[in-house]
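A short worksheet on the structure shown next.
Sequential numbering from 1 along the given sequence is applied to the chain's residues. Order of appearance sets the numbers: ligands from 1, and atoms from 1 within every ligand. Values in this document were obtained by computation on a predicted structure and should not be read as measured data.
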Amino acid sequence: MASKSVQTLSSVDPSSVKPQESCRVCKAKNLVTYFDFGLMPLANRNLSLSQLDLKEPVFPLQLLFCKTCGLSQLSLVVAPEVLYQGYTYHSSVSQTFQQHCREIVSTLKQHLDLKPKGLVVEIASNDGCLLSKFAESGFQVIGVEPAKELASLTQAQGFTTFCQFWGPGVAVEIQRQFGKVDLVIGTNVMAHVDDLDEFLGAVNSILGPEGHLVFEVPYMANYIEQLEFDTTYHEHLSYFLLSPLKRVLEANGFCIIDVQRLKIHGGSIRVICGKKSAAHAVSASVEALLTFERDMGLLEEDIYLKFAARIHHLRDRLRLLLSSLKQKSKHIAAYGASAKGNILLNYCGIGKETIDYIIDDTPQKQGKFQSGTHIPIVDSSRMLKERPDYLLILAWNFTEELMNKTAKYYQTGGNYIVPIPEVKVLNSSSPL
Ligand code: DWN
Ligand code: ZN
């Protein structure tokens with residue numbers, strides 16, 4: 001088992017990091033640190049062979065809780081230009097997420113009574129997984145995606161795509177070219193935003209009077225309940241509850257008209273907003289979730305201060321299981337070169353002495369190496385050739401899909417290790 005080598009903060013340009021001195025939502029300086037991962041690599045920065053010998057940037061990864069509004073947030077912001085260089089996360093790889101996108105379109109078409117051929121802007125449109133579903137449903141679509149490798153994919157599909165970070169500049173340009181917009185949607189983007197006021201102000205500026213903002217974010221209640229600590233990485237600046245979201249949305253001219261809890265990505269919430277200036281029937285779901293958060297103690301620091309001990313217990317369990325398997329000369333591989341998988345292995349000090357390789361179906365990740373651990377990322381054919389004794393599921397939010405994909409391995413006695421919410425070994429004699 002790799003000893004948690006003490007990494008030094010490599011030569012990183014100090015201007016590429018900014019300390020979080022006050023709360024991103026309520027601006028209070030009432031912040032308490034409740035978990036410190038130490039120095040962690042950039043979770044989505046997989047390395048090429050030639051980069052393995054170079055000094056890798058590592059940054060402090062610490063979680064702060066705001067005692068005023070309840071927002072959890074990182075203690076520093078790494079510049080987006082550094083974070084999203086050579087970004088290789090492709091949403092469409094997952095059939096589960098593809099199906100989720102179809103559900104988004106059908107639910108919003110019905111729920112928001114969207115007009116046919118309405119104008120939809122998706123912020124962080126990635127590889128067009130959601131954009132294409134709106135287009136197939138007859139909407140006019142515009143993507144906004146800062147990663148050029150991804151923006152070029154949606155442009156190649158014929159979708160207007162602005163290769164920029166969202167903000168006032170691109171909002172003005174969209175409005176100039178296309179006029180007011182009916183729907184702005186973003187899945188898994190709000191947690192990545194540093195200046196929420198600028199972001200939401202720009203959204204408000206391009207929405208028509210009856211327009212809607214809909215976004216999905218990982219939900220902090222699931223994060224705490226299911227110990228999803230590995231979803232903490234430098235891209236995720238905020239870890240949301242509805243209560244702090246309500247504050248920042250209302251401060252920027254929005255009102256929340258509905259909220260839905262979702263299973264996707266380990267548990268998320270879908271927040272549906274209208275402009276404060278328009279009349280809206282507000283669903284009872286909003287007050288119900290706000291009450292739930294208060295009743296569960298999620299707005300008090302105590303629950304967070306207890307969190308560390310639970311993470312240490314899981315880390316020790318996982319290390320113990322893996323080292324006992326290695327002592328029995330078992331071969332262990334992993335599935336899903338995910339950002340969360342990067343944090344799990346790097347934080348738990350599990351390296352290539354334990355994990356032979358990580359299978360990933362994203363072509364852009366294959367042939368690379370996981371940052372920090374330098375474990376090779378390969379395609380699934382390697383598993384057929386070398387049939388590992390155990391398969392650690394790093395993308396545990398897609399366990400069912402990954403187990404279906406490897407059904408033969410499962411049926412012929414393969415063993416899966418699922419690390420979150422608790423370390424579990426699954427095989428045909430002890431099924432999911
Ligand atoms: O917020 C974010 C979430 C939504 O996605 C992004 N900032 C980054 C990313 O986080 P992640 O990498 O932890 O997400 P996933 O979707 O859990 O990563 C799954 C990984 O597993 C991907 O690399 C793709 C891979 N995969 C695969 O190889 N075969 C996934 C499935 C379902 C498969 O069948
Ligand atoms: Zn706050």
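Within the 3.5 Å criterion, the main-chain N or O of D127 finds a donor-acceptor partner in the side chain of Q157. Remark: the backbone N or O of L207 is paired with a side-chain donor or acceptor of K275 at under 3.5 angstrom. Between the E145 side chain and the N126 main chain, a donor and an acceptor come within less than 3.5 Å of each other.
A salt bridge links D361 with K405: at least one charged nitrogen is closer than 4.0 Å to a carboxylate oxygen. We find that K365 and D379 are not joined by a salt bridge, their nearest charged nitrogen and carboxylate oxygen being 4.0 Å or further apart. The residues R294 and E287 are annotated as salt-bridged, a charged nitrogen and a carboxylate oxygen being separated by less than 4.0 angstrom.
Of the candidates Y89, Y87, Y233, it is Y233 that places a heavy atom closest to atom 10 (O) of ligand 1. With atom 32 (C) of ligand 1 as the reference point, the heavy atom nearest to it among Q98, E401, Q364, K365 is part of E401. Atom 15 (P) of ligand 1 has its nearest heavy-atom neighbour, among H234, K340, H90, in K340. For atom 22 (C) of ligand 1, the choice among D360, T96, N404, L83 with the nearest heavy atom turns out to be D360. The heavy atom nearest to atom 29 (N) of ligand 1, out of those in L344, N46, T187, D361, is found in D361.
Looking at atom 18 (O) of ligand 1, its nearest protein heavy atom turns out to be S338 CB, 3.4 Å. Looking from atom 21 (O) of ligand 1 to the surrounding protein, the closest heavy atom is G336 CA, 3.4 Å. Among protein heavy atoms, the minimum distance from atom 26 (N) of ligand 1 is reached at V93 CG1, 3.9 Å. In terms of protein heavy atoms, atom 7 (N) of ligand 1 is closest to E235 OE1, 2.5 Å. The protein heavy-atom contact nearest to atom 4 (C) of ligand 1 is H265 NE2, 3.4 Å. Counting protein heavy atoms only, atom 1 (O) of ligand 1 is closest to H236 NE2, 2.9 Å. From the protein, the heavy atom lying nearest to atom 34 (O) of ligand 1 is K405 NZ, 2.8 Å. The single protein non-hydrogen atom nearest to atom 12 (O) of ligand 1 is A339 N, 2.8 Å, given as residue, atom name and distance.
A 4.5 Å side-chain heavy-atom check between E81 and F165 finds at least one atom pair inside the cut-off.
Listed by number with element, the atoms of ligand 1 under 4.0 Å from a non-hydrogen atom of T362 are 23 (O), 24 (C). Heavy-atom proximity to N188, at under 4.0 Å, picks out these atoms of ligand 1: 1 (O), 4 (C). Near A337, the atoms of ligand 1 lying under 4.0 angstrom from a non-hydrogen atom of the residue are 23 (O). Taking a cut-off of under 4.0 Å to the non-hydrogen atoms of A395, the atoms of ligand 1 that pass are 19 (C), 21 (O). When each atom of ligand 1 is checked for a heavy atom of S94 under 4.0 Å away, the hits are 32 (C). Near N44, the atoms of ligand 1 lying under 4.0 angstrom from a non-hydrogen atom of the residue are 8 (C).
Of the inter-residue distances, the one linking H374 atom NE2 with L52 atom CG reads 5.0 Å to the nearest 0.5 angstrom.
When only modelled atom types and interatomic distance are considered, S371 and N46 share no side-chain donor-acceptor pair under 3.5 Å. A side-chain N or O of N222 and one of R261 form a donor-acceptor pair less than 3.5 Å apart.
The shortest separation from a heavy atom of Q95 to ligand 1 is not under 4.0 Å, leaving the residue out of contact.
Ring-centre distance between Y239 and Y304: not below the 6.0 Å cut-off. Outside the 6.0 Å centre-distance limit, the rings of Y416 and Y335 are not counted as a close aromatic pair.
The part of L402 lying near ligand 1 is the side chain, judged by heavy-atom distances below 4.0 Å. Contacts with ligand 1 closer than 4.0 Å are made by no heavy atom of F97, backbone or side chain.
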Under the salt bridge (charged side-chain N to carboxylate O under 4.0 Å, His left out) rule, what do K246 and E293 come out as? Steps first, then yes or no, please. CA-CA 13 Å; K246 183 170 181 292; E293 290 175 355; over 6 Å; no
Run the salt bridge (charged side-chain N to carboxylate O under 4.0 Å, His left out) check on K306 and D302 step by step: do they pass? CA-CA 7 Å; K306 289 181 185 145; D302 195 41; 3.0 Å; yes
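To the nearest 10 degrees, the Zn ion (ligand 2) sees SG of C26 and SG of C23 at an angle of 110°.
An N or O contact shorter than 3.5 Å is missing between Y335 and ligand 1 by distance.
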